[in-house]
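These numbers come from a predicted model, not from an experiment.
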Amino acid sequence: QVQLVESGGGLVQAGGSLRVSCAASGRTFSRYTMGWFRQALGKEREFVVGISWSGGRTYYADAVKGRFTMSTDNAKNTVYLQMNSLKPEDTAVYYCALRIKPNDYNLPRSYDYWGQGTQVTVSS
């Protein structure tokens, strides 16, 4: 079993920055990739950032491109999502996820393990 634990969410004013973290523990896999999704109240879960199965490329949703950056600290088994120039429409619960098969990186159903989510609220 894999445990993913997000942290770092909170309330920030528009234009501000926030970094959320996702610490992974438990079972390890020889091949996997991580991703971030978000879900606003009353809306479906949507893709934020993911990595190609080869690991060679990181993809961002158009809505966050140029503002959000995903990074990894392998020594700490932690992935980060740095969010800059935040907008009220970025308000959502942010989830990290892990996939162990080379399915579509931008679809929630491709991911096998999920964190509990962390709330990010951007005030105008």
Student: What is the minimum heavy-atom distance between Arg99 and Asp104, and which atoms define it?
Tutor: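 That would be NH1-C, 4.1 Å.
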
Student: Can you hop from Leu4 to Trp36 via hydrophobic side chains spaced under 4.5 Å?
Tutor: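 Yes, Leu4 connects to Trp36 through the hydrophobic network.
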
Student: Under the 3.5 angstrom rule, does the side chain of Gln1 hit a backbone N or O of Arg27 as a donor-acceptor pair?
Tutor: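 Here the side-chain-to-backbone pair does not exist.
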
Student: What residue pairs, at least two apart or across chains, pass side-chain hydrogen bond (donor to acceptor under 3.5 Å, both in side chains) with a residue in residues 70-79?
Tutor: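 Not a single pair qualifies under side-chain hydrogen bond (donor to acceptor under 3.5 Å, both in side chains).
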
Student: Which pair of heavy atoms, one from Ser52 and one from Thr33, lies closest together, and at what distance?
Tutor: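 Closest pair (atom of Ser52, atom of Thr33, distance): O-CG2, 3.6 Å.
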
Student: Under 3.5 Å, is there a donor-acceptor pair between the side chain of Glu6 and the main chain of Val20?
Tutor: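 Such a contact is absent between Glu6 side chain and Val20 backbone.
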
Student: Which atom pair, heavy atoms only, marks the closest approach of Gly10 to Leu18?
Tutor: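 The answer is N-CD2, 3.8 Å.
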
Student: According to a 4.5 Å side-chain heavy-atom criterion applied to Ile, Leu, Val, Met, Phe, Trp and Tyr, with indirect links allowed, do Phe47 and Leu86 form part of one hydrophobic cluster?
Tutor: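 Not linked; separate clusters.
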
Student: Mind checking whether Trp114 and Tyr95 have parallel, tilted or perpendicular rings, split at 30° and 60°?
Tutor: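 Judged by the thresholds at 30° and 60°, the geometry between Trp114 and Tyr95 is perpendicular.
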
Student: How close do Met34 and Cys22 get, heavy atom to heavy atom, and via which atoms?
Tutor: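 Heavy-atom minimum between the residues: CE-SG, 4.1 Å.
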
Student: Mind checking what makes side-chain hydrogen bond (donor to acceptor under 3.5 Å, both in side chains) contact with Thr121, not counting sequence neighbours?
Tutor: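 Thr121 satisfies side-chain hydrogen bond (donor to acceptor under 3.5 Å, both in side chains) with Gln119 only.
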
Student: Heavy atoms only: give me the nearest Asn103-Ser110 pair and the separation to one decimal.
Tutor: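 Looking at all heavy atoms of both residues, the closest pair is CB-OG, 3.3 Å.
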
Student: Compare all side-chain heavy atoms of Arg19 with those of Gln82 and state whether any distance is below 4.5 angstrom.
Tutor: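 They are in side-chain contact.
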
Student: Test of understanding: with side-chain hydrogen bond (donor to acceptor under 3.5 Å, both in side chains), list the residues that count as partners of Lys65, not counting sequence neighbours.
Tutor: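 Residues passing side-chain hydrogen bond (donor to acceptor under 3.5 Å, both in side chains) with Lys65: Asp62.
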
Student: Which pair of heavy atoms, one from Ser124 and one from Pro88, lies closest together, and at what distance?
Tutor: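 Of all heavy-atom pairs spanning Ser124 and Pro88, the closest is CB-CG, 3.8 Å.
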
Student: Under the side-chain hydrogen bond (donor to acceptor under 3.5 Å, both in side chains) rule, collect the residues that match up with Arg38, sequence neighbours excluded.
Tutor: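 Result, side-chain hydrogen bond (donor to acceptor under 3.5 Å, both in side chains) vs Arg38: Glu46, Asp90, Tyr94.
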
Student: Apply the test side-chain contact (heavy atoms from CB on, under 4.5 Å) to residues Thr118 and Val93: give CA-CA distance (whole Å), side-chain angles for both, the deciding distance (0.1 Å), then the verdict.
Tutor: CA-CA 5 Å; Thr118 185; Val93 177; 5.9 Å; no

Student: How would you list all residue pairs meeting ring pair (Phe, Tyr, Trp, His ring centres under 6.0 Å) that involve residues 56-81, not counting sequence neighbours?
Tutor: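 Checked against ring pair (Phe, Tyr, Trp, His ring centres under 6.0 Å) - neighbours excluded - the pairs reaching residues 56-81 are Tyr59-Tyr105.
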
Student: Should Val12 and Ser123 be marked as a side-chain contact (heavy atoms from CB on, under 4.5 Å) after you check the CA-CA gap, both sets of side-chain angles, and the distance that decides it?
Tutor: CA-CA 6 Å; Val12 63; Ser123 63; over 6 Å; no

Student: Within the 3.5 Å criterion, strictly below it, is a donor on Arg67 or Ser85 matched to an acceptor on the partner's side chain?
Tutor: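 No, because no side-chain N or O of Arg67 sits under 3.5 Å from a partner of the opposite role on Ser85.
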
Student: Just do the side-chain contact (heavy atoms from CB on, under 4.5 Å) check on Gln3 and Tyr113 with the steps written out, would you?
Tutor: CA-CA 8 Å; Gln3 292 78 42; Tyr113 299 95; over 6 Å; no

Student: Can you name the side-chain hydrogen bond (donor to acceptor under 3.5 Å, both in side chains) partners of Ser7, sequence neighbours left out?
Tutor: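 Once residues adjacent in sequence are excluded, Ser7 has no partner under the side-chain hydrogen bond (donor to acceptor under 3.5 Å, both in side chains) criterion.
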
Student: Following the transitive rule for hydrophobic clusters with a side-chain heavy-atom cut-off under 4.5 Å over Ile, Leu, Val, Met, Phe, Trp and Tyr, establish whether Val2 and Ile51 coincide in one cluster.
Tutor: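 Val2 and Ile51: one cluster.
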
Student: Within the 4.5 Å heavy-atom criterion, are Met83 and Ser17 side-chain neighbours or not?
Tutor: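 Counting from C-beta outward, Met83 and Ser17 never come under 4.5 Å.
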
Student: If you group Ile, Leu, Val, Met, Phe, Trp and Tyr by side-chain heavy-atom gaps below 4.5 Å, do Val122 and Phe37 land in one group?
Tutor: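 As far as the 4.5 Å side-chain criterion goes, Phe37 and Val122 are not connected within one cluster.
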
Student: May I ask whether Tyr111 and Phe29 are part of the same hydrophobic cluster, defined by side-chain heavy atoms of I, L, V, M, F, W, Y residues being less than 4.5 angstrom apart, directly or through others?
Tutor: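 Each belongs to a different hydrophobic cluster.
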
Student: Would you say Val49 and Thr58 make side-chain contact, with heavy atoms under 4.5 Å?
Tutor: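 Answer yes - side chains close enough.
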
